[in-house]
Amino acid sequence: MNVYSTMSRQKEPLKVENNKIKLFVCGPTVYDYSHIGHARTYISFDVIVRYLKHEGYSVFYLQNITDIDDKIINRAKERGEDPLELAHKFEAEYIKDMETLNVKNVNFYARATEHMQEIIDQIQDLIDKGYAYDTPTGVYFDVSKFESFGKLSNRNLDDLQNTRIEVDTTKKDPKDFALWKKQDEGPYWDSPWGNGRPGWHIEDTAITESYFGPQYDIHGGGLDLIFPHHDAEIAQMEAASGKEPLVQYWMHTGFLNVRGEKMSKSLGNFITIKELLKDYEPDVYRFFVLSTHYRSPIDFSDDILKQAENSLKRIQNTAKLVVAQQENDNLPQDDECSIIDDLESFRSEFFDAMNNDFNTPIALSSLFDFTHKLNKVIADNQVSAESLALIVDTLKEVESIFGFTIIVEDDASESSDELLNILTDVRSQLRADKNWDLADKIRDDLAALDINLEDK
Ligand code: AMP
């Protein structure tokens with residue numbers, strides 16, 4: 001299996017010890033409802049994890065929750081709420097949204113505020129080793145001490161000179177970034193350098209060090225995090241541990257835009273997951289996300305979502321035909337077509353694509369080609385029971401990797417509605433025949449099931 005790493009800017013064979021993978025993906029800053037851009041990133045990693053597991057890797061998937069940050073504090077001020085309560089309310093909403101989207105593989109969500117001691121210990125370690133210094137406003141990482149700073153984004157220190165990361169006159173150099181921000185207002189924690197709260201980057205390395213140690217396998221996030229966030233993480237952890245690399249593979253998802261523009265509240269094109277799900281099924285959104293490679297930008301529009309809806313429906317309709325065909329009493333003993341060869345070619349195209357840096361759009365298009373072939377041979381009743389079973393197994397396998405429904409179960413509520421209609425018709429006939437006892441018995445038995453019939 002080949003995986004593209006942002007560090008080497010190329011695909012590399014995936015090599016891990018004992019098939020065990022430690023994966024960390026940056027979680028959200030919880031100051032509002034999560035949006036469809038978050039969903040793009042987290043669905044992509046969900047499918048990556050599903051596929052790694054399918055291929056026999058055992059994956060521990062860790063995500064942090066940024067539950068203390070300027071955005072949270074500002075939003076709480078605007079709303080007159082307690083910042084931590086606000087953060088934890090939106091964290092719960094985020095987790096609900098992920099469950100609805102069938103994003104279910106995170107093993108542990110680690111809140112920044114629950115790792116304060118680990119954060120303080122790591123900052124102290126960096127001070128002791130000469131990589132960080134204390135000022136009246138905070139503790140800062142001295143980027144001049146870490147020679148390879150910027151190696152992930154490929155920016156050198158001269159480029160950084162022009163990037164105002166954080167303005168603060170107490171810093172030795174504008175490029176230095178905060179590890180600890182001193183303050184006595186709002187949520188703050190006690191530390192050897194005075195009351196305050198952590199900078200943006202340190203929570204991630206403090207959390208990953210405590211669960212994974214100083215080095216691990218894969219770190220993921222959206223493209224926007226490469227600089228300065230991930231470069232800062234590398235500097236912090238490699239400086240503190242003296243070991244490199246921090247991670248073997250850096251994976252970044254492309255950005256989601258809405259109708260060609262960056263999503264933003266001021267442009268009025270900001271869509272939360274909850275709003276999205278009023279119009280589209282979670283499966284449709286997953287299908288839409290997977291129709292583009294995870295590293296490419298993706299454009300959201302109603303037209304594209306409608307196309308995704310139709311394409312998914314077509315695949316589900318074919319799957320329905322296959323399942324229904326299994327009930328056919330007149331199936332041929334042996335296949336009267338080459339569907340098993342087609343199944344084999346589909347499987348090999350599908351898995352080649354997934355092994356090639358999780359190329360879901362190619363895998364999906366091979367699924368499409370295969371379903372076209374299926375439609376014809378099923379309609380002509382050319383497929384044996386044995387082959388139908390193999391096809392259903394493969395469709396279920398694909399379903400478990402992509403995390404959307406391919407084989408739609410018959411809607412139980414639809415069939416129970418039909419049964420009720422039959423019962424009420426029979427009862428009307430009984431009443432017409434003046435068979436009151438039996439008609440009443442039906443009404444009473446239904447009432448015991450909380451179904452109340454009214455004769456009007
Ligand atoms: P945030 O809550 O902004 O810290 O973002 C959490 C994760 O979602 C990060 O990995 C971001 O890169 C990712 N993300 C945020 N906005 C988008 C977007 N429009 N498209 C794709 N990923 C996004």
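Both counts, for ligands and for their atoms, begin at 1 and track the order of listing.
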Flag the pair K373 and D341 as a salt bridge only when some basic side-chain nitrogen lies within less than 4.0 angstrom of an acidic carboxylate oxygen. no
For ligand 1, what are the residues with a heavy-atom contact below 4.0 Å? G27, P28, T29, H35, G37, H38, T41, Y42, G221, G222, D224, L225, G254, F255, L256
Residue list, side chain to side chain donor-acceptor pair (under 3.5 Å) with R79, at least two apart or on another chain: E81
For residues D46 and Y61, is any side-chain donor paired with an opposing acceptor at under 3.5 Å? no
With distance as the sole criterion, is a donor-acceptor pair present between the side chains of T170 and T137 under 3.5 Å? yes
If the condition is salt bridge (charged side-chain N to carboxylate O under 4.0 Å, His left out), which residues does K129 pass it with, not counting sequence neighbours? D125
Going by the rule salt bridge (charged side-chain N to carboxylate O under 4.0 Å, His left out), which residues pair with D70 if we only count those two or more places apart in sequence or in a different chain? K181, R197
